[in-house]
**Q** 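Here you go, one structure.
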There are 2 protein chains.
Amino acid sequence: METGTSQREDHQQEAAARRRKELLEAADRVVLRDGPEASMNAIAAEAGITKPILYRHFGDKGGLYRALAVRHTDALLASLRNALDAPAPDRRGRVAATLDTYLAAIEARPQVYRFLMHPADQGQQQEQEQGFDVGHHSAPLLRRMGDELAKVIADRVELGPGGEEVARIWGHGIVGMMHAAGDWWLRERPCSRERLVHHLTDLLWGRLALVDDRIGAPGLF
Amino acid sequence: METGTSQREDHQQEAAARRRKELLEAADRVVLRDGPEASMNAIAAEAGITKPILYRHFGDKGGLYRALAVRHTDALLASLRNALDAPAPDRRGRVAATLDTYLAAIEARPQVYRFLMHPADQGQQQEQEQGFDVGHHSAPLLRRMGDELAKVIADRVELGPGGEEVARIWGHGIVGMMHAAGDWWLRERPCSRERLVHHLTDLLWGRLALVDDRIGAPGLF
DNA sequence: GCCTGCTGTTACCTACGGTAACAGCAGTCT
DNA sequence: AGACTGCTGTTACCGTAGGTAACAGCAGGC
């Protein structure tokens with residue numbers, strides 16, 4: 001019959017999924033320790049096994065890295081959505097809270113951040129039916145955040161005709177602003193997180209348009 | 001005496017500099033053809049020599065890549081400064097022109113762009129007295145652009161007390177916005193360059209603060 | 001003629017990603 | 001019971017990449 005077989009298959013799939021999780025956790029530890037250039041050997045050793053098993057589970061290095069990235073990206077996106085939906089007096093408050101959530105996350109775990117943002121360009125092979133569920137879920141973090149924010153903007157703000165296009169542009173632009181400023185801030189720590197959030201929100205709120213030209217400057221910029 | 005020796009040294013240095021330039025041009029061709037993961041062997045072959053010479057000139061792969069990046073980055077930054085200084089009716093016009101210059105550049109030579117922006121994280125070794133002039137001139141493009149824009153903002157806009165901090169934050173934020181939006185746009189080509197520039201400038205000009213909430217939305221974002 | 005400092009070579013090392021080929025051990029089918 | 005399947009795990013290997021001796025030749029200054 002089929003039930004016996006499928007029961008067994010279920011058990012095996014379940015076991016495989018558990019194993020996969022264990023492997024991912026081991027990989028996580030290594031990446032956290034060694035940075036994004038952790039080797040497959042090192043990860044296998046940390047997991048207490050040898051390379052071929054890793055390859056059976058994840059196909060290739062890119063597969064493993066994608067799986068890892070998906071986990072972290074999902075977690076970060078969830079907390080961002082949370083901040084975007086949290087109660088706050090006004091839209092500006094919510095935007096500031098979301099920026100702060102992001103910055104707090106990268107501040108708390110810079111190694112993870114480095115791994116997600118600078119994944120050493122792990123090749124652009126197409127789907128190729130590897131059999132894993134990673135698919136296009138693996139779009140790098142920046143693009144995924146941009147897309148998500150675009151959706152939120154298109155949903156919640158009235159932009160008139162062509163608004164969807166504007167929402168996408170703004171989504172990716174804002175995410176990029178947050179990312180670059182965060183990256184720089186994380187390296188140089190030139191000020192507190194609050195001040196950074198405040199000034200970025202100011203920028204987004206159009207203060208650039210409002211400030212005066214410097215006296216003596218040639219009226220430029 | 002010393003004059004003879006130093007004359008000779010001058011000649012040698014000069015010859016070395018020429019050679020270096022030739023090698024860089026060869027490397028450039030290979031990178032343009034093969035993308036950022038071009039191998040040292042391939043570059044050496046293109047230059048008509050073998051690996052050790054490359055290593056004598058550039059120390060290691062990172063050194064070569066940095067030297068290449070500096071060339072392209074300098075060129076791009078020069079054209080951006082140009083756009084920022086060009087005559088335009090108002091500040092908004094200048095900002096739009098600068099955005100457009102950047103986007104036109106990455107549109108014209110996406111391979112170079114990919115090489116500069118996703119340089120496969122070529123390690124973070126400190127200076128180490130390698131003897132080359134690369135030094136901290138090699139800060140990745142994004143950070144250099146951010147710093148440059150920060151200078152321009154601080155110079156030309158009156159931001160009041162603490163303005164330098166604000167200028168740096170804005171500089172890196174704006175550059176990040178431009179970069180992420182450009183990266184996304186280059187991949188998806190969802191609209192013309194003009195529209196992208198227009199909407200980004202709008203964003204920078206505070207339209208986000210001005211638009212109404214969508215009717216029916218929970219008043220959020 | 002000898003030394004110095006470059007250019008260039010061949011030949012090698014190490015480390016990494018990736019892949020057979022094989023052994024063992026469940027549970028299933030006959 | 002035994003053959004079969006599908007996993008887990010291994011050792012041992014391959015190709016290629018970055019990087020490094022060690023050595024040969026060739027200019028010019030002493």
Side-chain angles (χ1 to χ4, degrees), chain A residues 1-23 26-27 30-31 34-66 68 119-123 125 128 130-131, chain B residues 1-23 26-27 30-31 34-66 119-123 125 128 130-132:
Chain A
M1 302 309 269
E2 199 182 78
T3 54
T5 304
S6 84
Q7 253 187 16
R8 192 202 175 188
E9 277 173 1
D10 283 357
H11 288 165
Q12 284 183 346
Q13 277 187 10
E14 187 184 308
R18 259 202 314 276
R19 198 86 187 87
R20 211 179 131 94
K21 216 170 180 178
E22 288 173 26
L23 297 184
V30 177
V31 167
D34 298 356
E37 50 276 330
S39 81
M40 293 299 262
N41 262 322
I43 294 175
E46 169 74 30
I49 53 165
T50 49
K51 273 193 299 178
I53 304 181
L54 280 184
Y55 283 96
R56 275 218 269 277
H57 274 276
F58 300 103
D60 63 351
K61 190 176 187 175
L64 203 179
Y65 276 34
R66 268 190 297 274
L68 254 189
D121 240 20
Q122 61 238 27
Q125 63 208 11
Q128 206 174 334
Q130 282 278 110
Chain B
M1 300 311 274
E2 198 181 79
T3 56
T5 303
S6 84
Q7 252 184 19
R8 191 199 176 189
E9 277 172 1
D10 283 356
H11 288 166
Q12 283 183 345
Q13 278 186 11
E14 185 185 308
R18 258 202 315 276
R19 199 84 186 88
R20 212 179 130 96
K21 215 169 178 178
E22 287 173 26
L23 298 183
V30 178
V31 166
D34 298 355
E37 51 277 329
S39 80
M40 294 298 265
N41 262 321
I43 294 175
E46 169 74 31
I49 51 163
T50 50
K51 274 193 300 177
I53 303 179
L54 279 185
Y55 283 96
R56 277 217 270 274
H57 273 277
F58 301 103
D60 62 353
K61 191 177 184 172
L64 203 178
Y65 276 34
R66 268 190 296 275
D121 240 19
Q122 60 238 28
Q125 61 207 14
Q128 207 175 329
Q130 282 279 110
F132 293 122

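Here is how names work: the chains are called A, B, and so on, in the same order as the sequence lines, proteins then strands, and each is numbered from 1. Computed over heavy atoms, backbone and side chain alike; hydrogens, waters and symmetry mates excluded.
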**Q** Considering all heavy atoms of both residues, which atom of B:Lys61 and which atom of B:Tyr55 are nearest to each other, and what is their separation?
**A** N-CE2, 4.3 Å

**Q** What is the distance, rounded to the nearest whole Å, between atom CG of A:Leu23 and atom C1' of D:dG9?
**A** 12 Å

**Q** For the atom pair NE2 (B:His57) and NZ (B:Lys21), what is the distance rounded to the nearest 0.5 Å?
**A** 14.5 Å

**Q** May I have the distance from A:Glu37 (atom CD) to C:dG17 (atom P), rounded to whole angstrom?
**A** 11 Å

**Q** Please report, rounded to the nearest Å, how far the P atom of C:dG5 is from the CZ atom of B:Arg56.
**A** 14 Å

**Q** If we fit an axis to the first five pairs and another to the last five of the helix from C:dG1-D:dC30 to C:dT30-D:dA1, what angle do they make, to the nearest 10°?
**A** 20°

**Q** Show me the donor-acceptor pairs, under 3.5 Å and distance only, between side chains in residues 39-47 of chain B and residues at least two apart or in other chains.
**A**
from    : atom 1 : to      : atom 2 : distance (Å)
B:Ser39 : OG     : B:Asn41 : N      : 3.4
B:Ser39 : OG     : B:Ala42 : N      : 3.0
B:Glu46 : OE1    : B:Arg33 : NH2    : 3.2
B:Glu46 : OE2    : B:Arg29 : NH1    : 2.5

**Q** To the side chain of B:Lys61, which of D:dT8, D:dT11, D:dA17 is closest?
**A** D:dA17

**Q** State which of C:dT7, D:dT8, C:dT19 makes the closest approach to the side chain of A:Pro52.
**A** C:dT19

**Q** In whole angstrom, what separates A:His57's NE2 from D:dG6's P?
**A** 16 Å

**Q** Counting only side-chain nitrogens and oxygens, does A:Arg19 get under 4.0 Å of the OP1 or OP2 atom of D:dG9?
**A** yes

**Q** Output the rounded distance in Å from CG (A:Leu64) to P (C:dG18).
**A** 10 Å

**Q** In whole angstroms, how far is the C1' atom of C:dC6 from the CD1 atom of B:Ile49?
**A** 14 Å

**Q** Whether the side chain of A:Lys51 and the base of C:dG17 hold a donor-acceptor pair under 3.5 Å is what I'd like checked.
**A** yes

**Q** What closest approach, in Å, do B:Asp34 and B:Ala38 show between heavy atoms, and which atom pair accounts for it?
**A** CB-CB, 4.3 Å

**Q** Tell me the interatomic distance from B:Ile53, atom CD1, to D:dG25, atom C1', rounded to whole angstroms.
**A** 13 Å

**Q** Using a 4.5 Å cut-off on heavy atoms from C-beta on, say whether the side chain of A:Phe58 contacts that of A:Arg66.
**A** no

**Q** Is there a side-chain contact between B:Leu23 and B:Ile49, using heavy atoms and a 4.5 Å cut-off?
**A** yes

**Q** Between C:dT19, D:dT10, D:dG9, which one does the side chain of A:Thr50 approach most closely?
**A** D:dT10

**Q** Within residues 39-47 of chain B, which residues have any heavy atom lying less than 4.0 Å from an atom of DNA chain C?
**A** none

**Q** Which whole-number value in Å describes the distance from A:Asp34 CG to C:dA15 P?
**A** 15 Å

